[in-house]
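Every chain is numbered from 1 and lettered A, B, ... according to where its sequence line falls, protein lines coming before strand lines. Since the model is a prediction, treat every value here as computed from it, not as a measurement.
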Number of protein chains: 2
Amino acid sequence: MFLQRTQKFSLSIPESLAESLEEEIIVGRIKSEERLTEEMVAERYGVSRSPVREALRLLERDGLVIREARRGIWVAPLSQKDFDEVYTCRTPLEGLAARQAALSRDDVLKKELRAVQRELEEAQTNGDVRSFFTADVRGSLMIYKLADNRTLRRLLQSLEKQMLRYRFHAYEQNVDMIKLSLEDTTRIFDAILACNGDAAQSLTENLIHQIWQNMRDEVGRSFGN
Amino acid sequence: MFLQRTQKFSLSIPESLAESLEEEIIVGRIKSEERLTEEMVAERYGVSRSPVREALRLLERDGLVIREARRGIWVAPLSQKDFDEVYTCRTPLEGLAARQAALSRDDVLKKELRAVQRELEEAQTNGDVRSFFTADVRGSLMIYKLADNRTLRRLLQSLEKQMLRYRFHAYEQNVDMIKLSLEDTTRIFDAILACNGDAAQSLTENLIHQIWQNMRDEVGRSFGN
DNA sequence: GACATGTACATTGTATACAGTATGGTGTCG
DNA sequence: CGACACCATACTGTATACAATGTACATGTC
């Protein structure tokens, strides 16, 4: 699916477990509020409970599951309130990333970003949704690299997974936002390549804010609040 | 010992361990880049490695330690770059918290906030540094509660500990910022109590930005970059 | 019939044993 | 003398056994 399976050999068992579980939660094979018992997961993946526990801690860190001491772990529920929380936090952080990326002078990375930009245009003219999506994801990763801010990256990563759950839901509901995205994404990339921090930041914040509002009604309809 | 205490206050062993280790790292009894082996920690606190591993995961989540797979765990180094990262991220997030707190209509909590405000003034006139500090901390917690945003809270918490390391260092170096703080803090609280989100946000961002700049030189002098 | 109490079971939390891996030193060979 | 391989050691990673705790159900009492 749209989650690229990066099954590197350097991934530890807890990390691979976490990845698998994340994907299952994101695409809904493991449903909201479903309980996850350590033994079940362990048996299913053919490992002991030790790495499972670590994997579940990772999921907890990313907000995908809720843990209550001595009671167990449940998949975090989806709601419009949670959705709003994720996007209110994400907006300024993504804006910051774009700004710091723009202020970077790493010409090698910036050339790569331009290449991604061209890929996006191409995917758009060809109507290739999948290519557009993967190029978009790579563009984000490039921006994070350019921003060169491990702390910011850590924070954004801990929002990413929960956000993907809503994004997948929107995808299923055919809430199309690609046309909206290309034009604005292009402008953001231009600003970054032009080393215009202010523009990159505000354009990014506006884009995410628009995506947020686009998805918001559907999320509210589906998950209440 | 603390085992009984944990039961009484219902803190799990990993959490108490993490708290102890956090404090030791923050005040420098465990130094930057010092290695933490699971066995050492386990022996020291009279527990097995299992809860220690969980505690160390918690520290990793909060950015206090760096973990390299199969190699071990080291206390995260301090540097001006890291300091800048933490504060660039913190600034908009604290601003957001203040804004959302201002937009809250929880009158009970707002009354408590006003009480904290008065405590701050009192501590200021008495020159009671310690009281001022604890009241300030409680004020922050109240703002987070008012903001009623678990995601935002989670992100801020994962920045808090690393920030405290720098803050403690500043405290040791007698970088005084209390006079700076009271006036501005009061204005922030006023804005929140007046339900003025824009003001609360920008005042908060400005205050944190000032604190950042105040500490920055000292941090650079001490930790390089 | 409603509620409290006790008990069995399921599940998490902790300890410990064992396996796998990185590191540093020593020896041997070029 | 230097480089490489090998081995000892220390530590992390994983499995498993055991303890503690929470939950559900049954039994008993009012």
task = Can you run down the salt bridge (Lys or Arg N to Asp or Glu O under 4.0 Å) pairs that involve residues 37-50 of chain B, sequence neighbours left out, and say none if there aren't any?
result =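 For residues 37-50 of chain B: B/E24-B/R44, B/E38-B/R49, B/E38-B/R53.
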Could you tell me whether the side chains of [X] and [Y] share a donor-acceptor contact shorter than 3.5 Å?
X	Y	result
B/Y166	B/D82	yes
B/E15	B/S12	yes
A/Q162	A/R165	yes

Look for any protein N or O under 3.5 Å of an N or O in nucleotides 11-15 of chain D and output each such pair with its distance, or none.
| residue | atom | partner | partner atom | Å |
| --- | --- | --- | --- | --- |
| D/dC11 | O3' | B/R35 | NH2 | 3.2 |
| D/dT12 | OP2 | B/E38 | N | 3.2 |
| D/dG13 | OP1 | B/R70 | N | 3.1 |
| D/dG13 | OP2 | B/R53 | NH1 | 3.1 |
| D/dG13 | OP2 | B/R53 | NH2 | 3.2 |
| D/dG13 | N7 | B/R49 | NH2 | 2.8 |
| D/dG13 | O6 | B/R49 | NH1 | 3.0 |
| D/dA15 | OP2 | A/S48 | N | 2.7 |
| D/dA15 | OP2 | A/S48 | OG | 2.8 |
| D/dA15 | O5' | A/S48 | OG | 3.4 |
| D/dA15 | N7 | A/S50 | OG | 2.6 |

message = For residues 103-112 of chain B, which residue pairs pass the side-chain hydrogen bond (donor to acceptor under 3.5 Å, both in side chains) check, not counting sequence neighbours?
response =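 For residues 103-112 of chain B, and leaving out neighbouring residues, there are no side-chain hydrogen bond (donor to acceptor under 3.5 Å, both in side chains) pairs at all.
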